[in-house]
Amino acid sequence: MSDPTVRDSRRLTGANVLWSRPGAVLDVALSEEEATAAIDAWSAEARRLLDAVGWTTERTTWRVFPGGVSLALSAPIDALYAATEINEAAWAAAERALSERPRDDDEAILAALHRTIEQETNPRLLRLQTAAAERGVAFLSDDDRASVGLGSGSQAWPVADLPDPDAVDWAGIHDVPVALITGTNGKTTTVRLLAAMVNAAGKVAGTSSTDWIKVGSDLVDSGDWSGPGGARAVLQDPRVEIGLLETVRGGMLRRGLGVAEADVAAVLNVAEDHLGEWGVENLAALVEAKFVVARAARRLILNGDDPELVRRAARVDNPITWFGLDPEAEPLADSISRGAPVVYLSGNEIHSRLGGLHEIVARLDEVPMTLDGAARHNVSNALAAVAVAYYLGLPIDAVHHGLATFRSDAEENPGRLNTFDFGGARVMVDFAHNPHGLEAILEMATALPARRRLV
């Protein structure tokens with residue numbers, strides 16, 4: 001891409017901040033005054049090219065952000081690289097039209113696009129996708145593998161050697177429960193706490209996070225696997241009985257979600273972090289990026305202590321379960337009064353009102369990661385995990401056991417509130433990489449008894 005106005009051109013493989021369709025997106029640097037004319041010109045050119053290549057049912061959309069616009073078109077999942085070329089060609093034609101320059105050679109452009117589509121098209125992939133949808137099971141694919149079903153109910157093949165749907169033994173294909181965990185801070189800790197609860201229930205958890213992929217206690221791979229690639233790797237593993245997927249802003253903006261559906265998604269909090277990337281220039285746009293999980297989740301778990309989440313929740317259709325530290329604050333108080341599902345802290349007790357039952361899940365002195373309640377951010381993470389666990393079908397005794405046995409130490413949860421003792425000094429190490437995280441750590445340090453505190 002030689003055009004200096006084009007910031008990025010990329011595939012969208014799943015639900016994203018623009019919509020739930022796969023396709024391609026182009027981020028273009030434009031002033032607010034230029035945006036309207038540019039969108040109109042690009043829309044016309046994109047429609048013309050989509051029709052010319054035979055993609056008459058595909059659609060276009062856009063999203064304006066400070067300093068630019070994202071221009072997206074939908075496409076079949078077996079031709080997403082071709083979709084990026086169509087999008088770039090549409091923008092090049094739009095720019096020529098806006099500057100009243102002569103149109104490029106349409107015949108040559110369309111011939112090149114047809115060749116690209118022909119080389120990329122995989123009819124077997126589309127037939128398998130359709131067959132999975134007809135049977136109500138998940139379909140996942142990337143450049144290398146495609147699969148039907150999830151986890152222990154999945155079967156996967158190389159995309160270059162896919163079976164005909166009639167040759168698949170569909171009787172053994174099924175999905176497994178899946179949770180998406182997003183937010184500015186606390187995602188990794190919450191995923192790992194949930195894994196401890198799943199383990200206590202005698203199930204095999206598959207977890208993707210910023211540090212690794214694990215299946216049960218087996219380390220599958222190290223590194224940042226918090227995007228859609230990590231989600232697919234977990235859910236294509238036949239050992240996995242429950243999928244726990246850390247779902248970060250970057251992956252959702254760059255590629256979209258790794259799954260089309262999930263049983264539950266939790267948004268833990270939203271605070272300023274990573275602004276200025278992928279068209280997210282302010283907190284409001286970051287909230288929208290986090291809420292991409294609502295496009296896939298059957299139920300949302302939201303933090304009632306976060307005013308940004310409370311405001312945004314009014315615009316979603318998903319059933320919501322609130323969690324929070326203050327049961328007298330809205331919307332927790334409203335949930336309690338109506339008998340709606342909610343998880344909250346009362347005194348030093350974690351209360352659950354889920355499924356019509358009111359239960360005291362645990363006291364804070366029974367939950368090591370909370371440091372007897374001083375680590376309020378981890379109390380909040382624990383509340384979220386209790387709510388998620390319910391919608392994954394985990395029994396209350398397993399939830400309690402996970403809370404009581406999970407240690408946020410350098411082995412189970414490296415970099416997240418790890419505590420060491422050196423010569424009578426208590427040393428805590430935490431990956432507090434933004435103001436919101438640092439504030440939480442300082443609040444905790446203030447609450448802990450000490451003769452002297454050093455940061």
Side-chain angles (χ1 to χ4, degrees), residues 1-32 34-122 125 141-143 227-228 250-256 276-281:
M1 296 178 296
S2 58
D3 186 346
T5 65
V6 176
R7 292 183 179 180
D8 192 63
S9 175
R10 62 191 182 275
R11 298 170 297 151
L12 292 172
T13 58
N16 51 81
V17 75
L18 291 110
W19 55 7
S20 295
R21 294 170 175 258
V25 64
L26 200 67
D27 292 335
V28 180
L30 291 172
S31 68
E32 186 177 349
E34 298 170 313
T36 300
I39 290 169
D40 289 344
W42 167 83
S43 297
E45 295 295 343
R47 182 72 270 157
R48 182 178 63 82
L49 291 176
L50 288 171
D51 291 344
V53 300
W55 290 1
T56 56
T57 61
E58 303 302 341
R59 297 289 177 260
T60 60
T61 192
W62 58 87
R63 172 178 165 268
V64 178
F65 56 86
V69 61
S70 294
L71 306 169
L73 50 86
S74 65
I77 60 164
D78 66 333
L80 297 184
Y81 287 105
T84 64
E85 296 196 15
I86 291 172
N87 209 7
E88 291 167 22
W91 174 246
E95 278 209 310
R96 285 184 171 274
L98 289 167
S99 60
E100 300 181 347
R101 288 179 291 158
R103 183 183 293 278
D104 282 336
D105 184 355
D106 255 10
E107 187 174 335
I109 291 171
L110 285 172
L113 292 174
H114 278 293
R115 284 194 300 272
T116 302
I117 292 171
E118 185 177 355
Q119 292 166 1
E120 193 179 357
T121 296
N122 187 339
L125 186 75
S141 69
D142 56 23
D143 292 345
M252 289 188 280
L253 292 169
R254 284 194 296 268
R255 289 284 182 263
E277 299 176 355
W278 311 104
V280 174
E281 305 293 328

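Everything numeric in this text was worked out from a predicted model, so none of it was measured.
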Side chain to side chain contact (heavy atoms under 4.5 Å, CB included) between R10 and T84, intermediate numbers included: CA-CA 6 Å; R10 62 191 182 275; T84 64; 5.8 Å; no

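- Side-chain contact between H114 and V53 is present, with heavy atoms from C-beta onward closer than 4.5 Å.
- When all heavy atoms of A83 and G23 are compared, the closest pair comes out as CB-C, 4.4 Å.
- Under a 3.5 Å cut-off, the side chain of E120 and the backbone N or O of A82 do form a donor-acceptor pair.
- Interatomic distance, CG of L12 versus CZ of R21, reported as 12.5 Å (0.5 Å rounding).
- In plain terms, the two heavy atoms of A72 and W42 that are nearest each other are O-CH2, 3.1 Å.
- In plain terms, the two heavy atoms of E34 and S31 that are nearest each other are OE1-N, 2.8 Å.
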Verdict with reasoning, E88 to L26, per side chain to side chain contact (heavy atoms under 4.5 Å, CB included): CA-CA 7 Å; E88 291 167 22; L26 200 67; 3.9 Å; yes

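- In plain terms, the two heavy atoms of I109 and A89 that are nearest each other are CG2-CB, 4.2 Å.
- The closest side-chain donor-acceptor pair between T13 and R11, if any, does not fall under 3.5 angstrom.
- The distance from the CD atom of E85 to the CG atom of N87 is 11.0 Å, given to the nearest 0.5 Å.
- Counting heavy atoms from C-beta outward, D143 and Y81 have side chains that approach closer than 4.5 Å.
- A distance of 10.5 Å separates CG of L80 from CD1 of I86, quoted to the nearest 0.5 Å.
- No side-chain heavy atom of W55 sits less than 4.5 Å from a side-chain heavy atom of L49.
- Checked by atom type, the side-chain pair D51/T56 shows no donor-acceptor distance below 3.5 Å.
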Check against salt bridge (charged side-chain N to carboxylate O under 4.0 Å, His left out), E45 and R48: CA-CA 5 Å; E45 295 295 343; R48 182 178 63 82; 2.7 Å; yes

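- For the pair R47/R59, a side-chain contact is recorded, criterion being any heavy-atom separation below 4.5 Å from C-beta on.
- Side-chain contact between V25 and N16: absent, with no pair of heavy atoms (C-beta onward) separated by less than 4.5 Å.
- Using a 4.5 Å heavy-atom threshold, the side chains of R254 and P228 count as separate.
- The structure places OG of S141 at 5.0 Å from CG of L125, a figure rounded to the nearest 0.5 Å.
- Proximity of T5 to L30: side-chain heavy atoms (C-beta onward) are nowhere separated by under 4.5 Å.
- Two residues are said to be in side-chain contact when any heavy atoms from C-beta on lie closer than 4.5 Å; S74 and W19 meet this criterion.
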